[in-house]
Protein chains: 2
Amino acid sequence: MVLRSVTVALQVFEVVAMQQPIGVSEISRRLGMSKSTVQRCLVTLGEAGWIRPEVTAGPTRWVITSKSFGIGRRVGNSRHLRTAALPVLERLRDATGAPVELIVPEGREGVLIERVATAATEWLFLPPGLRAPLHVRADGKVILARLPEEDLEAYLGEGLEMLTRQTVTDPMRLRRELASIRARGWAASIDELVDGVSTLASAVVDLEGRPLAAVSLHLPSEPFQVHQARNRKLVVAAGIEIGARLDGREVGGRAGLEKRR
Amino acid sequence: MVLRSVTVALQVFEVVAMQQPIGVSEISRRLGMSKSTVQRCLVTLGEAGWIRPEVTAGPTRWVITSKSFGIGRRVGNSRHLRTAALPVLERLRDATGAPVELIVPEGREGVLIERVATAATEWLFLPPGLRAPLHVRADGKVILARLPEEDLEAYLGEGLEMLTRQTVTDPMRLRRELASIRARGWAASIDELVDGVSTLASAVVDLEGRPLAAVSLHLPSEPFQVHQARNRKLVVAAGIEIGARLDGREVGGRAGLEKRR
DNA sequence: GTGGTTCGTGCCGCCTGGCGGCACAGCCGG
DNA sequence: CCGGCTGTGCCGCCAGGCGGCACGAACCAC
């Protein structure tokens, strides 16, 4: 059972978000729907505060409001993940001089939620919002390594897509690799996604040990060994500190709200 | 004319976003709606990819997906504003050692879209997504200063709320201040929002000179004079560079898409 | 001017899509 | 074992939302 008008309205909203500023006719053509329907969706979305008509004179153009911005920041299991993580990520970047990323698991994929870089290393990697299967990157692997046994089995059961030359597609081999990652607390990859770039990653876990996110550090491959021990320690410490900040801020956060109702 | 079911579904989505992970009954109680209705909304939102059931065994809990994350990043008139701005903001921070913010105008308010800080100055200011009227902060004033005459008149016509001790509430005085900001290309405020913190700001404009966003730099007030000339130049240059990057990436971006259809 | 084309907006009647009530299965604590 | 809580699925009734159409305004070519 799907609510047809809701599906339509969400499509309209997405078109507005992608093509803003945009008018009724353009949208109706793009979606193959009658202008009346689109118009209704627009005013409804507008009254709900998700979009608004642009202020300029002339034909009415719609743009999205910052409401969706505020909501977009809530992605991830924990409401305050980004808030808690950002200072730690910045400190890690300052300590290592390397770009730092934060991903959260979403189904079989990891989604890049935050990224702090230095001026020297502007856009080497994925722009925020992009995704990759968990088993192809070091930061995804630290998340897999912390998954409960049955969830990991479910993941492996759906097969391991090969996306890079180095991708591990043999479930048994991946299982062994994850076991050693779990034991060490960190994962590394060398030249896996981009030649000349290596990655160190560690997990952010909740109080029960379930993975919430992963921190990763991206370094040039050649002097990779130089500060390896130090960098490993820093990455692992960052993962732990983010988790601790979440717990401190959020002890029963959601549950507390529910009770207080 | 509003689409009732869409309004309801959006409410459901917002509740999920705020209280995730959450179940059907909890939502129906919170919104005072029947479980059936909420259930329908949830599966619809789920099929549209906005939310998903959490993977754990036991009762079904819903969480939002990263789709809303990707959409939230599109706030602001220009699709690529954040992408274009981030490297420039980081360079400005590295050059000055001070936290840098980027706001976009939305109606009468400025919304904090991006913020790059140093480890030393973690959370002095507004968290992203928050908003303030344009006339109370230096970054808002540079936007007002670039507004077309009739839009500024409309803004002034609705009155100037006094939010800080230093807020200018006299339209004539604000008009004079904006004129000099327009002439100089930058705005400053000293101890306006937080005692001991001063701000320098400049605007990001499109090819027609309309304001798209504003960059601001936040410095301790006491040694404010020291590098003032240098910092002013840096802030103004950053605003101009972001605008140039946008134009380069987006010459007729939207119009081009429309034509290409 | 004028006829053509777009645009956005508003109305209306028909019909289907979504509403709420209810029933049922599973789970937990008393 | 029972009474409360979940989440889920079905059904009949009715109004909410659909598409078609019409209107005023803006723009362009002629």
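Below, chains carry the letters A, B, ... as their sequence lines are ordered, and counting in each starts from 1. Quick note: numbers below take in every heavy atom, side chains included, and nothing from hydrogens, waters or symmetry partners.
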N/O donor-acceptor pair, side chain B:Lys35 with base C:dG20, under 3.5 angstrom: no

Nearest listed nucleotide, side chain of A:Val24, among D:dG7, C:dG18, C:dT9: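 Among the listed nucleotides, the one closest to the side chain of A:Val24 is C:dT9.
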
Among D:dC18, D:dT8, C:dC19, the one nearest B:Gln39 by side-chain distance: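 Taking heavy atoms from C-beta onward, the closest nucleotide is D:dT8.
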
Whole Å only: how far is the [atom1] atom of [X] from the [atom2] atom of [N]?
X: B:Arg4; N: C:dT16; atom1: CZ; atom2: P; answer: 21 Å
X: B:Ile22; N: D:dG7; atom1: CD1; atom2: C1'; answer: 14 Å
X: A:Arg30; N: C:dC7; atom1: CZ; atom2: P; answer: 12 Å
X: B:Glu47; N: C:dG18; atom1: CD; atom2: P; answer: 12 Å
X: B:Leu3; N: C:dG18; atom1: CG; atom2: P; answer: 10 Å
X: B:Gln11; N: C:dC19; atom1: CD; atom2: C1'; answer: 15 Å

Residue whose closest nucleotide on DNA chain C lies nearer the 5' end, A:Ser25 versus B:Ser5: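 In this pair, the answer is A:Ser25.
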
Test item: B:Thr37 side-chain N/O and B:Met33 main-chain N/O as donor-acceptor pair under 3.5 Å: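 Not at all, since once roles are kept as given, no pair shorter than 3.5 Å links the two residues.
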
Backbone N/O of A:Gly185 and side chain of A:Ser202: donor-acceptor pair under 3.5 Å: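 Side chain of A:Ser202 to backbone of A:Gly185, a donor-acceptor pair under 3.5 Å: no, none is there.
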
Ring geometry between B:Trp50 and A:Phe13 (parallel below 30°, tilted from 30 to 60°, perpendicular above 60°): tilted

Are OP1 or OP2 of [N] and a side-chain N or O of [X] less than 4.0 angstrom apart?
X: B:Arg29; N: D:dT6; value: yes
X: A:Arg40; N: D:dC18; value: yes
X: A:Arg61; N: C:dG8; value: yes

Sugar-phosphate, base or nothing in reach of A:Ser36, heavy atoms under 4.0 Å: base

Minimal non-hydrogen separation, A:Val168 against A:Glu177, with atom names: CG2-OE1, 3.4 Å

Separation of A:Leu134 CG from A:Glu106 CD (nearest 0.5 Å): 10.0 Å

